[in-house]
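Quick one: the structure is below, questions incoming.
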Amino acid sequence: MQKQDIIFAWLGSILSILFFLVVNYLTNPDYLWFIYPTFFILLWPISMYSIKHKNLKLHSLFTSVILILFFITINYVHSPFHPWFLYASYPILWWPVLMFMEKGRKTVSLAIIGSLMTIVYYSFLNATISPQYPWAIYPSFVVLWWPLALFYAKKKEYYKFSIAASLLIILFFIAVNTVSSPNTIWAVYPIFIILWWPLSMYYFQYRRN
């Protein structure tokens with residue numbers, strides 16, 4: 001890939017953005033729709049530069065920054081009174097973080113730290129921005145699978161993983177049942193199905209070994 005290709009990509013991107021900006025201003029100045037194609041156009045020269053230098057870390061960093069700026073712009077234009085970009089920006093930041101931490105990203109310690117940080121972060125947003133419903137239990141349930149799966153996969157203890165994972169799912173359903181509809185005990189139905197996972201692992205794998 002020649003240097004001229006990257007220069008052409010930047011010039012083409014700038015001209016395209018200016019074109020959409022002018023068309024937006026002349027046809028519908030009250031609605032800034034040009035910001036949507038601008039985001040995708042900027043990925044063209046950035047991707048070419050990263051591929052040329054074989055630097056995927058740099059690509060993840062630049063793309064994450066542009067994506068977050070895109071969300072901030074959309075948030076400010078359409079709903080400036082509710083900072084929803086904070087919900088989406090956090091997981092995007094983990095992309096360059098994990099790219100730069102080549103050795104640490106496969107460790108259980110980083111998975112535990114990352115999961116705890118995620119739980120604290122979304123719990124804080126839940127308590128400060130939208131305290132009407134404790135929705136933080138949903139991302140907390142998802143991120144806890146990261147250290148749990150990594151820990152047992154490294155040890156190749158799949159039967160123990162089925163027990164720990166089943167307990168996590170059961171606690172999740174109990175929590176959702178408690179906060180969503182405490183007068184209806186519906187969590188027993190999915191819990192009954194989940195219990196078959198460690199039981200089947202015990203009789204068809206663990207017991208045979």
Under 3.5 Å: donor-acceptor pair, side chain of Ser180, backbone of Asn177: no

Sub-6.0 Å ring centroid separation between Trp145 and Phe172: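 So the answer is no for these two rings.
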
Non-neighbouring partners of Lys106 that pass salt bridge (charged side-chain N to carboxylate O under 4.0 Å, His left out), sequence neighbours left out: none

Enclosure of Phe124 CZ (heavy-atom neighbours >12, cutoff 6.0 Å):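 No, CZ of Phe124 has 12 or fewer neighbouring heavy atoms, counting only those of other groups under 6.0 Å.
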
Separation of Leu42 CG from Phe70 CZ (nearest 0.5 Å):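 Here the interatomic distance stands at 11.0 Å.
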
Inter- and intrachain pairs under ring pair (Phe, Tyr, Trp, His ring centres under 6.0 Å), touching residues 101-121, at least two apart: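 Ring pair (Phe, Tyr, Trp, His ring centres under 6.0 Å) check on residues 101-121 returns Tyr90-Tyr121.
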
Parallel, tilted or perpendicular, as decided by the 30° and 60° cut-offs, for the rings of Tyr122 and Tyr87: parallel

More than 12 heavy atoms of other groups within 6.0 Å of Lys155 NZ: no

Neighbour count above 12 (heavy atom, 6.0 Å) for Phe19 CZ: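 Atom CZ in Phe19 is not packed in, count stays at 12 or less.
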
Residues in side chain to side chain donor-acceptor pair (under 3.5 Å) contact with Tyr138, at least two apart in sequence or another chain: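 Tyr138 satisfies side chain to side chain donor-acceptor pair (under 3.5 Å) with Tyr133 once adjacent residues are dropped.
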
Over all atoms of both residues, closest heavy-atom pair of Pro45 and Ser13: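 That closest heavy-atom pairing would be CD-OG, 3.1 Å.
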
Nearest-0.5 Å distance that lies between atom CD1 in Ile17 and atom OG1 in Thr38: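 OG1 of Thr38 is found 4.5 Å from CD1 of Ile17.
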
Minimum heavy-atom distance Ile112-Pro147, with the two atoms named: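 Closest heavy-atom pair between Ile112 and Pro147: CG1-CB, 3.8 Å.
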
Over 12 foreign heavy atoms within 6.0 Å of CD1, Ile185: no

Tyr31 atom OH, neighbour heavy-atom count above 12 within 6.0 Å: yes

